[in-house]
Asks: 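My questions all concern the structure below.
Keep in mind the model is a prediction, meaning the values are calculated, not measured. Each chain gets a letter, A, B and so on, in the order its sequence line appears, and its residues count up from 1.
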Amino acid sequence: MNEFIKKAEGLGIKIPRITADKINNAVKPVLRKMEKAGIRIDVAVFKKLENALSNDLEILTKKIHKLAGHDFNISSPSQMAVVLFEELKLQTEGLKKSQSGFSTAANELKKIEDKHKIIPLILEYREISKLISTYLKPLPLLVDENSRLHTTYGLETSTGRINSNEPNLQNIPIRGKYGEKIRGAFVAEKGMKLISADYSQIELRVVACLAQDETMIRSFKNGEDIHAQTAAEIFGIKMNEVTPDQRRKAKAVNFGIVYGQTPYGLSQALSIPIDEAALYIKNYFSIHTGIAKYVNSMIDLGHEQGYVETLFGTRRHLPNLKSHIRFMVEADERIAINTPVQGTAAEILKLAMVELDKVLSTQYTVRSDRKPQLLLTVHDELVVEAPVKQAKEVAELVQETMENVVTLCVPIEVNISMGNNWAEAK
DNA sequence: AACTAGGCT
DNA sequence: GTATAAGCCTAGTTG
């Protein structure tokens with residue numbers, strides 16, 4: 001009898017008889033297949049976008065130089081700091097410092113966005129140059145004869161997540177003015193559809209079970225809007241009185257919990273006073289006593305054992321808990337909170353990939369490239385390509401498989417959608 | 001190679 | 001008094 005199954009049973013979770021090591025061994029060949037399959041991009045769209053954005057960048061460069069009074073390298077943070085804080089004498093009060101001086105990171109610049117016309121232009125310049133240099137320019141150079149991109153997946157991460165490099169297909173833009181356009185240039189082959197399936201709030205569901213938090217378990221079981229529910233709790237109001245802004249704040253609280261976020265961190269994330277952030281967190285823990293207990297017990301366990309584990313036994317050593325430097329200890333304590341959650345979610349996804357690959361390759365045995373296959377894995381999302389005719393049934397199969405690969409103490413929900421490209425399939 | 005910045009979950 | 005939200009990858013600048 002596997003000790004992990006026993007532990008899971010105590011939490012109301014049913015998991016297959018398999019350990020983290022074995023999951024990794026089983027998912028490896030699946031990853032190799034996915035690398036080989038690759039995903040098609042529309043090179044023409046990439047080129048068009050690159051041209052358009054390069055033009056914008058030129059115009060922005062001229063405007064920024066004019067406002068600065070002279071030419072300088074906009075991509076150089078140190079030159080940028082001189083222009084903003086020494087020459088233009090913009091206020092530095094409340095801005096974070098980097099090792100060399102005042103930070104010019106977007107988060108900081110947003111604080112002084114309306115102090116000078118140059119700031120919005122810089123922010124736009126940064127956004128566009130990122131897209132060109134990291135995506136639009138390099139990716140088309142990497143396609144094969146079928147316009148497909150092939151990444152390399154890895155399993156050597158500290159939490160058990162899968163990573164992707166050369167190129168990284170796990171950080172393709174989706175937000176911002178141009179995000180959708182870029183993601184929309186990841187396309188299905190002719191006669192095929194892309195199916196995207198993502199776990200809905202998988203980490204919150206996992207922590208609800210690991211922590212046995214009654215309030216959270218009830219919300220998930222009732223299919224409630226978890227962020228609105230949290231808002232009602234921390235603001236002490238009824239669900240139907242929750243404003244969009246309160247929901248947004250509650251979402252940040254939920255998000256921060258699994259990272260061991262402090263009042264200061266929450267205050268930064270929401271641009272609110274520290275007191276206010278502290279109040280939200282205090283209210284949260286007074287209602288979610290299970291989560292509060294979980295947080296403390298993982299910190300204690302880390303200190304006792306020197307490591308923490310996920311549900312399937314991925315172990316993370318925490319040597320800094322022995323440090324005499326306080327923030328090193330605190331950093332490892334946050335890792336102790338987060339790793340079991342993030343790692344367990346990763347294991348669930350990997351199990352689903354193994355299962356799904358098995359199902360797809362046995363049910364659709366046609367020997368051709370026109371068969372349903374897994375293409376991408378992005379932490380809580382899988383992307384599958386399937387022939388148009390079978391797309392609907394494959395989508396249902398994907399959803400079914402992902403939702404039932406383990407049985408948590410709450411329902412697992414998978415959002416599924418399909419389209420001719422990755423933006424539509426969302 | 002270190003630092004800064006920024007893309008994603 | 002210092003730092004303060006987990007995990008990744010890539011690109012440009014600087015010395």
Asks: In sequence, state the C-alpha distance, the side-chain angles, and the governing distance for A:I13 and A:T407, and then conclude on side-chain contact (heavy atoms from CB on, under 4.5 Å).
Replies: CA-CA 6 Å; A:I13 304 173; A:T407 306; over 6 Å; no
Asks: What string of B, S and - do you get for nucleotides 8-15 of chain C 5' to 3' if you count protein non-hydrogen atoms under 4.0 Å?
Replies: SSBSSSS-
Asks: Have a look at A:T104 and say if it touches a base, only the backbone sugar-phosphate, or nothing, with a 4.0 Å heavy-atom cut-off.
Replies: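 A:T104: backbone/sugar contact only, no base atoms under 4.0 Å.
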Asks: Heavy atoms within less than 4.0 Å of DNA chain C: which residues of residues 174-182 of chain A have one? Give them sorted by number.
Replies: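 None - not one residue of the stretch has a heavy atom sitting under 4.0 Å from the strand.
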Asks: Kindly determine whether A:E330 and A:R334 satisfy salt bridge (charged side-chain N to carboxylate O under 4.0 Å, His left out), including the steps that lead there.
Replies: CA-CA 6 Å; A:E330 288 170 343; A:R334 289 192 293 273; 5.1 Å; no
Asks: Does anything in residues 136-147 of chain A pair up under side chain to side chain donor-acceptor pair (under 3.5 Å), and if so which pairs, sequence neighbours excluded?
Replies: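 Applying side chain to side chain donor-acceptor pair (under 3.5 Å) to every pair that reaches into residues 136-147 of chain A, excluding sequence neighbours, yields A:D144-A:H150.
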Asks: Say you draw a straight line from CD of A:E233 to CG of A:N254; how long is it, rounded to the nearest 0.5 Å?
Replies: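 Atom-to-atom, A:E233:CD and A:N254:CG are 8.5 Å apart.
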Asks: According to salt bridge (charged side-chain N to carboxylate O under 4.0 Å, His left out), who are the partners of A:E400, at least two apart in sequence or on a separate chain?
Replies: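 With sequence neighbours excluded, A:E400 shows a salt bridge (charged side-chain N to carboxylate O under 4.0 Å, His left out) to no residue whatsoever.
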Asks: What's the gap between C:dA3 and B:dC3 when it is taken at their P atoms, as a whole Å value?
Replies: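 Taking atom P in both C:dA3 and B:dC3, they lie 14 Å apart.
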Asks: First locate atom OH of A:Y125, then atom CD of A:E58, and finally report the distance between them rounded to the nearest 0.5 Å.
Replies: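 Rounded to the nearest 0.5 Å, the OH-CD separation comes to 10.5 Å.
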Asks: Distance check needed: C:dA5 P versus A:K249 NZ, whole Å only.
Replies: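 In whole Å, C:dA5 P lies 18 Å from A:K249 NZ.
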Asks: Roughly how far apart, to the nearest Å, are C:dT2 and B:dG7 at atom C1'?
Replies: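 That atom pair is separated by 29 Å.
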Asks: So do the side chains of A:L349 and A:H379 get within less than 4.5 Å of each other, counting heavy atoms only?
Replies: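 Answer no - side chains too far apart.
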Asks: Name the nucleic acid region contacted by A:A331, choosing base, sugar-phosphate or nothing; use a 4.0 angstrom heavy-atom cut-off, strictly under.
Replies: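 Touches nothing.
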Asks: Under the 6.0 Å and 45° cation-pi test, does A:R315 pair with A:Y307?
Replies: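 Yes, a cation-pi geometry holds between A:R315 and A:Y307.
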Asks: Hey, which of these two, A:F327 or A:Q342, hits DNA chain C nearer its 5' end, going by closest nucleotide?
Replies: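 It is A:F327 whose nearest nucleotide is closer to the 5' end.
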Asks: Take atom P in C:dT4 and the same atom in B:dT9, then report the distance between them in whole Å.
Replies: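 These two P atoms come out 24 Å apart once rounded.
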Asks: Does the side chain of A:Y294 reach to within under 4.5 Å of the side chain of A:I337, using non-hydrogen atoms?
Replies: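 Yes. Closest side-chain heavy atoms under 4.5 Å.
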Asks: Could you tell me whether a side-chain N or O of A:N163 sits under 3.5 Å from a main-chain N or O of A:G154, the two making a donor and an acceptor?
Replies: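 Yes, because the side chain of A:N163 sits within donor-acceptor range (under 3.5 Å) of the backbone of A:G154.
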Asks: Using the test ring-ring contact (aromatic ring centres under 6.0 Å, His included), find all partners of A:Y284 that sit at least two apart in sequence or belong to another chain.
Replies: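 Partners of A:Y284 by the ring-ring contact (aromatic ring centres under 6.0 Å, His included) criterion, ordered by chain and then number, come out as A:H288.
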Asks: Under 4.0 Å from OP1 or OP2 of C:dA6: is there any side-chain N or O of A:R334 that close?
Replies: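 Yes, such a contact exists.
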Asks: CD1 of A:I335 versus P of C:dT4: gap in Å, rounded?
Replies: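 Roughly 13 Å, once rounded to whole Å.
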Asks: Could you tell me how far C:dG1 sits from B:dG6 if I compare only their P atoms? Round to whole Å.
Replies: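 To the nearest whole Å, 31 Å.
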Asks: List in numerical order all residues of residues 27-46 of chain A for which some heavy atom is under 4.0 Å away from an atom belonging to DNA chain C.
Replies: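 Close to the strand, none.
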Asks: What nucleic acid atoms does A:Q99 come within less than 4.0 Å of, heavy atoms only: base, sugar-phosphate, or nothing?
Replies: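 Since only primed, P, OP1 and OP2 atoms lie under 4.0 Å of A:Q99, the category is sugar-phosphate.
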Asks: Under the ring-ring contact (aromatic ring centres under 6.0 Å, His included) test, which residues partner A:Y135, sequence neighbours left out?
Replies: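 For A:Y135 there are no ring-ring contact (aromatic ring centres under 6.0 Å, His included) partners, ignoring immediate neighbours.
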Asks: Holding to salt bridge (charged side-chain N to carboxylate O under 4.0 Å, His left out), I want the full list of residues that pass it with A:R218, two or more places apart in sequence or in another chain.
Replies: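 Counting only residues at least two positions away or on another chain, A:R218 forms no salt bridge (charged side-chain N to carboxylate O under 4.0 Å, His left out).
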Asks: Scan for side chain to side chain donor-acceptor pair (under 3.5 Å) pairs involving residues 256-271 of chain A, sequence neighbours excluded, and state none if there are none.
Replies: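 Those involving residues 256-271 of chain A do not exist here.
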Asks: Please list, in numerical order, the residues of residues 402-422 of chain A that have a heavy atom closer than 4.0 Å to any atom of DNA chain C.
Replies: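 Residues of residues 402-422 of chain A that come under 4.0 Å of DNA chain C do not exist, since none gets that close.
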Asks: Report the distance from atom CD1 of A:I182 to atom CG of A:L139, rounding to the nearest 0.5 Å.
Replies: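 A:I182 atom CD1 to A:L139 atom CG measures 8.5 Å (nearest 0.5 Å).
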Asks: Would you mind reading off the distance between A:E333 atom CD and C:dA6 atom C1', rounded to a whole angstrom?
Replies: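 After rounding, the reported distance stands at 15 Å.
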Asks: For DNA chain B, which nucleotides open and close the run of contacts to chain A, 5' to 3', at under 4.0 angstrom from a non-hydrogen atom?
Replies: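 The protein-touched segment is B:dC3 to B:dT9.
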Asks: Hey, could you give me each pair passing side chain to side chain donor-acceptor pair (under 3.5 Å) that has a residue in residues 99-112 of chain A? Not counting sequence neighbours.
Replies: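 Every side chain to side chain donor-acceptor pair (under 3.5 Å) pair that includes a residue of residues 99-112 of chain A, provided the two are not neighbours, is A:S98-A:S100, A:T104-A:R126, A:E108-A:K111.
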